Protein chains: 2
Amino acid sequence: MAVTIKDVAKKANVSISTVSRVINDSKPVSDEIKHRVLKVIEETGYIPNPVARSLVMKKSQLIGVIVPNISNIFIGEVLNGIEEIGKMYNYDILLCNTYGELNQELRYLNLLKSKQVEGIIFMTWELQNEHKEFFAKEDIPIVMINRNASDANITSVSIDHRKAAYEMTKYLIKNGHRRIALIRGNMQNYIFGIDQYEGYSKAMKESNLEIDKRLIKNCEFKLDLAYNAVQEMINDETLSTAIFATTDYMAFGAINALIDNGYKVPEDVSVAGFNDIKLASIYRPKLTTIRQPIYDIGAVAIRVIIKKIKGEEIKDNVFVLPHELVERDSCKKIK
Amino acid sequence: MAVTIKDVAKKANVSISTVSRVINDSKPVSDEIKHRVLKVIEETGYIPNPVARSLVMKKSQLIGVIVPNISNIFIGEVLNGIEEIGKMYNYDILLCNTYGELNQELRYLNLLKSKQVEGIIFMTWELQNEHKEFFAKEDIPIVMINRNASDANITSVSIDHRKAAYEMTKYLIKNGHRRIALIRGNMQNYIFGIDQYEGYSKAMKESNLEIDKRLIKNCEFKLDLAYNAVQEMINDETLSTAIFATTDYMAFGAINALIDNGYKVPEDVSVAGFNDIKLASIYRPKLTTIRQPIYDIGAVAIRVIIKKIKGEEIKDNVFVLPHELVERDSCKKIK
DNA sequence: TTGTACGCGTTATCAC
DNA sequence: GTGATAACGCGTACAA
């Protein structure tokens, strides 16, 4: 059995309150006794039981993280940021994977609360009313990643997807492209897809370019759906000179379809991605894409959570991190 | 304040023990009272406080998972398996990222124990004596992933790396290659690298092929080091006709170096990988590689942990999962 | 079958 | 400065 505060107290000939005081520095203790206690702790290898501590403090040094897919590279990188900063502040991560299923998410939201986590970092593909209800009801610190959720009055951290999509579309137009396909996630409630679509269409309209509905493809972030979408355009003979995929992964799917049909990238078709996952510079041709500060997104999220836990007032409800258009080899200027 | 067992008891006009009994099914309770209690629980939305429960039961429904790098795709996929099966048994995951640093690992090992986790799944790049000491000292259920650790008397799940490397080398030899470079991780304590090297050299020796030390490169799993290693071989003019990388990632690094130097894969040089991460079939040329049942590795690991928790005897200390050589487009037969 | 009372390991509020 | 002691929310012998 592990050694408890009681054992230490007995061995040091003091009361448990005194021991508690020295380990928490909560009240003055005479130097002599302090040293004696410290020594006993040293000898016995005593570690305070965090569970008992949680029970009385109603704190746990735990932060719940809910994600739709752990094995997603983007999310892994976000997790890295969360974990690393959390560790600095002595917080541990309770990880929950939901595959984006609503009831799983709701279940975890409640479960985490009952586990006394001090805050929740929440990622989902689609923000729904049930989520918002939970957020409104509970007063536990929550931050969302990858979506401006100010409408639901919950704080969030992400880049400006609208602006980023706008810039990329603009870039393609500047390079002479007039028919630009957009390969994206779901239409509906999809968490940042709407912003991206707005950015895309704004750029198109500004240049008086027609938005061809046949070139807007919903591919649910899936590489093979992106592959099929391009295949479809080839079959339909609607293939454009440029393809903008809102995920690097989907961009790879697009490129593969092109290659497998004998097209060359970027000679015949330009393809742009979004995110700049590590793979983007590994793949050949190297992908022109929007770089998100993925690690930082996680890092900022947990910093905000910790601030909230400490009761510090957060002025902004929306943390917008900078992005960057990274020009590489998958896009080409045409006349 | 959340509703407690006491509130429920009062509202249902019974003692807390009775409430406890109905929620745990621990002792018979008359149907009438049972229903009454259940109804109150329903109405109040009572959820037992897991922290208090942990304190008295010395259990937590928590399983600690220590990994060297969350954003590694392979590990993400393993995590998927762990999470999904864990969820089935009502276990949550306490995630710890160590970057493979020994003191971080040791710290977490102790921390997790004090957090009352019921079992630990441990991944590391190198198994060291300090780890073994911990395992020997503590009686908490532990399983290691990706290494046959039977020497340390701890149970593990992985594929047979030795055999897999042997088969791949054999395959390359069968395809006419006689000089085969091996791009691998560290030499020393490296967790499965030794096995892989043995497989490689066994195959080479069986065919009376010389092992050219200049073709054995230690690249620490890093894509760019693999890139450099191949660049080196090109500069040294020691380039072989085949390259076997013990990680798909390193294989990509190798291929990129080849491409960037004007070589064609597989026409000029064959390249084989290891793991079959999703990317392997996305990349062009599609990678010939060893498929590991990554998800299953995680799933089996947590299943074993849960069995151990339940006190069931584990007959084998080593769980070897099947692998498979996947032939794709990155290797070619030469005369 | 049901209720009482104690213990799990801490922190915090009192007295001293 | 120090030590009892009551919480925290729950499970469980023990009694009834």
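Side chains are part of it too, since the values below use all heavy atoms of this structure and drop only hydrogens, waters and symmetry mates. Every chain is numbered from 1, with letters handed out A, B, ... down the list of sequences. Fair warning: this is a prediction, and the values are worked out from it, not measured in the lab.
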TODO: Kindly compute the distance separating CD1 (A:Ile82) from OH (A:Tyr295), expressed to the nearest 0.5 Å.
DONE: 10.5 Å

TODO: Looking at every strand, decide which applies to B:Val14 at a 4.0 Å heavy-atom threshold: base, sugar-phosphate, or nothing.
DONE: sugar-phosphate

Open item on the list: For a quick check of understanding: with a heavy-atom distance under 4.0 Å over all strands, which category does A:Ser17 fall into, base, sugar-phosphate or nothing?
Closed with: base

Open item on the list: From the set D:dT12, D:dG3, C:dT4, return the single nucleotide nearest to any side-chain atom of B:Ser15.
Closed with: C:dT4

Open item on the list: Strictly below 4.0 Å: does A:Thr18 bring a side-chain N or O up to OP1 or OP2 of D:dG1?
Closed with: no

TODO: May I ask you to say what B:Val29 touches in the nucleic acid, namely base, sugar-phosphate or nothing, with a heavy-atom cut-off under 4.0 Å?
DONE: sugar-phosphate

- [ ] State the CG-CD1 distance between A:Leu111 and B:Ile47, to the nearest 0.5 angstrom.
- [x] 8.0 Å

Open item on the list: Distance check needed: C:dG3 C1' versus B:Lys10 NZ, whole Å only.
Closed with: 16 Å

Task: Contact nearer the 5' end of DNA chain D, comparing A:Ile33 with B:Pro50 - done: A:Ile33

Task: Interatomic distance where CE belongs to A:Met57 and P belongs to C:dA12 [whole Å] - done: 5 Å

Open item on the list: Within the 4.0 Å heavy-atom criterion, would you say B:Lys27 contacts the bases, only the backbone, or no part of the nucleic acid?
Closed with: nothing

TODO: Would you tell me if any nitrogen or oxygen in the side chain of B:Ser20 comes within less than 4.0 Å of OP1 or OP2 on D:dG11?
DONE: yes

TODO: Could you point out which residue of B:Val22, B:Val8, B:Val29 forms a side chain to side chain contact (heavy atoms under 4.5 Å, CB included) with B:Leu38?
DONE: B:Val22

Task: Phosphate-side-chain proximity, B:Arg53 and D:dG9, N/O vs OP1/OP2 below 4.0 Å - done: no

- [ ] Please tell me which of the listed nucleotides, C:dT10, C:dT13, C:dG3, lies nearest to the side chain of A:Arg21?
- [x] C:dT13

Open item on the list: Between A:Lys58 and C:dT11, is there a contact of a side-chain N or O with OP1 or OP2 at under 4.0 Å?
Closed with: no

Open item on the list: C:dT11, OP1 or OP2 - any side-chain N/O from A:Ser26 closer than 4.0 Å?
Closed with: no

- [ ] Could you check how far CD1 of B:Ile5 sits from P of D:dC10, rounded to whole Å?
- [x] 5 Å

Open item on the list: Could you tell me how far apart B:Gln116 (CD) and D:dC10 (C1') are, to the nearest whole angstrom?
Closed with: 14 Å

- [ ] Kindly compute the distance separating CG (B:Leu55) from CG (A:Leu55), expressed to the nearest 0.5 Å.
- [x] 6.0 Å

Open item on the list: The side chain of A:Ser30 is closest to which nucleotide in this list: D:dG1, C:dT11, D:dG9?
Closed with: D:dG1

Task: Whole-Å gap separating C1' (C:dT11) and CG (A:Asp25) - done: 15 Å

TODO: Mind calculating the distance between CD (A:Glu32) and C1' (D:dG1) to the nearest angstrom?
DONE: 12 Å

Open item on the list: If you count every heavy atom of other residues, nucleotides or ligands that lies below 6.0 Å from A:Lys307 atom NZ, does the total exceed 12?
Closed with: no

- [ ] Could you tell me whether the phosphate oxygens of C:dT10, OP1 or OP2, come under 4.0 Å of any side-chain nitrogen or oxygen in A:Lys59?
- [x] no

Task: Protein-nucleotide distance (B:Leu55, atom CG; C:dC8, atom P), rounded to Å - done: 9 Å

Open item on the list: How many whole angstroms separate atom NZ of A:Lys115 from atom C1' of D:dC10?
Closed with: 14 Å

TODO: State whether B:Asn24 places a side-chain N or O below 4.0 Å from either non-bridging phosphate oxygen (OP1 or OP2) of D:dG11.
DONE: yes

Open item on the list: Is it true that, when you exclude A:Glu32 itself, more than 12 heavy atoms of the residues, nucleotides or ligands shown sit nearer than 6.0 Å to its CD?
Closed with: no

Open item on the list: Need to verify one output field. Residue with the more 5' nearest nucleotide on DNA chain C, B:Pro28 or A:Ile16?
Closed with: B:Pro28

